[in-house]
Amino acid sequence: MTEIAVGPTGKLMRRDVVKALLENRDGMLAIGGLGAPAWDITAAGDSPLNLPLWGGMGGAAVMGLGLALAQPERKVCVITGDGEMLMGVGSLATVAVQRPRNLSIVVLDNEHYGETGMQETHTKHGVDLVMMAKGAGIADSRLVRTAEELLKLRADIHAGNGPLFAQVKIDEGTQPLVLPPREASILQARMREAIMGPEAHLQ
Amino acid sequence: MFPANAQEDDMQREQLESAPTAAEAWPDQIYDLLKQHGVRQVGLVPDAGHARLIKRCLADNDMKVVSLTTEEEGVALAFGAWLGGEKSVLLMQSSGVGNIINMLSVAIAHRTPCPIIVTMRGDFGEFNPFQVPMGNATQACLEAMGTLVKRADRPEDVADTVNATLRLAFNTYRPTATLLGQRLLGAKTFGK
Ligand SMILES: Cc1ncc(C[n+]2csc(CCOP(=O)(O)OP(=O)(O)O)c2C)c(N)n1
Ligand SMILES: [Mg+2]
């Protein structure tokens with residue numbers, strides 16, 4: 001199992017967090033929000049089970065919803081940034097109303113818009129995404145600060161008693177770029193093929 | 001001014017929202033087309049013009065109806081659904097088109113089938129000034145974002161036009177839209 005290090009701020013290191021969540025994933029599908037979270041899921045090991053986003057800011061959670069509804073037997077994990085989640089925060093309500101048991105939404109909260117030069121997000125100023133997710137109706141919404149809490153989160157994601165929402169406080173340090181393929185039709189096609197086999201291309 | 005009586009209240013409400021009469025067949029024809037194409041996920045922000053179609057979808061256990069907080073979630077939903085092998089449709093009013101513009105880049109870049117059925121406002125005998133700017137810009141905005149747009153203004157054209165929109169999306173992997181003209185929805189002007 002990956003060691004989950006803490007950074008100079010005493011907060012969890014994002015690459016370790018994502019690696020731990022995706023290790024031994026047992027076919028779990030992952031959608032990575034644009035920017036650093038997409039690089040994080042790629043650094044954990046690029047795979048057809050990963051859909052790293054290059055855009056669509058604010059859409060990651062509902063993309064996960066559409067996928068989770070279409071594939072109820074598979075676990076779906078959306079891993080995204082605090083800025084991305086805030087842009088589509090209404091989608092927490094949309095997700096909660098559908099109650100997909102197989103969907104988890106994990107926000108990597110560095111309290112900044114990392115990709116665009118580390119401007120502060122609202123979470124830096126006390127906006128509580130866990131309360132917002134709870135208020136939306138996602139009963140299992142939690143704050144994660146420690147390695148122990150992260151391992152519990154991992155176990156619960158894999159148990160599939162969702163929908164589940166987690167706000168993981170992470171170190172704000174920028175990590176080296178690990179870029180996934182940029183041709184998005186390939187990203188879509190490879191995940192479809194991983195799920196449905198070559199038949200996917202004849203749908 | 002308050003309406004003087006219930007009848008006047010009804011008349012004013014009809015001015016506010018446009019919907020087809022019960023005699024019109026086309027909402028049921030759209031539902032039949034969604035079934036023929038195997039649509040399993042229906043994302044929507046309601047419009048009075050879609051009310052009967054929405055009811056039909058809600059009554060169908062093979063359809064997952066997803067009520068959205070903003071139309072742009074509908075494009076994201078279509079992408080997620082297609083990743084998992086399900087076809088979807090987005091039902092919305094023209095005023096919501098401005099909300100989906102950037103999210104269309106997701107469907108374009110990934111080559112995702114994303115059919116959209118838009119009921120028009122601000123189009124033909126509009127009563128509400130706020131509907132006009134977006135209604136007037138609806139087709140231009142969608143087309144500027146690479147969406148193939150077809151229009152139906154007569155009841156007899158609706159089924160063929162929606163069918164073309166669904167086929168173009170599912171066969172050629174892109175966002176497509178049918179605009180259902182306000183004329184179809186029975187815009188009332190009451191001498192205004
Ligand atoms: C609609 C839209 N607005 C703004 C941007 C610019 N943008 C790209 S990444 C990003 C910040 C993302 O921040 P966050 O989700 O917190 O991820 P982080 O890099 O901090 O992990 C922004 C604002 C964009 N790509 N799309
Ligand atoms: Mg951030």
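Just so it is clear: chains get the letters A, B, ... in the order the sequence lines come, proteins before strands, and each one is counted from 1.
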Query raised in the report: Measuring heavy-atom distances to chain A, does B:T112 have an atom under 4.5 Å in its side chain, in its backbone, in both, or in neither?
Result: both
Query raised in the report: Which answer fits A:E183, side chain, backbone, both or neither, if we ask what part of it has an atom under 4.5 Å from a heavy atom of chain B?
Result: side chain
Query raised in the report: Which region of A:L29, side chain (C-beta onward) or backbone (N, CA, C, O), has a non-hydrogen atom less than 4.5 Å from a non-hydrogen atom of chain B, or is it both or neither?
Result: neither
Query - Point-to-point distance, once rounded to the nearest 0.5 Å, from CE of A:M63 to CE of B:M103 - result: 5.5 Å
Query - Spacing of A:M191 atom CE and B:W82 atom CH2 [to the nearest 0.5 Å] - result: 15.0 Å
**Report entry** Interface residue of largest heavy-atom contact number with chain A, from B:L77, B:I108, B:V106, B:N171, under 4.5 Å
**Finding:** B:L77
Query raised in the report: Between the side chain of B:E73 and the main-chain N/O of A:V62, is any donor-acceptor distance below 3.5 Å?
Result: no
Report summary line: Turns out that what part of A:Q203 lies under 4.5 Å from chain B's heavy atoms comes down to both
Report summary line: Whatever's closer than 4.5 Å to a heavy atom in chain B on A:I195 counts as side chain
Query raised in the report: Given a strict heavy-atom distance threshold of 4.5 Å, which part of B:R111 is in contact with chain A: side chain, backbone, both, or neither?
Result: both
Query raised in the report: How about residues 41-69 of chain B versus chain A: which residues have heavy atoms under 4.5 Å apart?
Result: B:Q41, B:K64, B:V65, B:V66, B:S67, B:L68, B:T69
Query - Part of A:A200 within contact of chain B (heavy atom distance under 4.5 Å) - result: neither
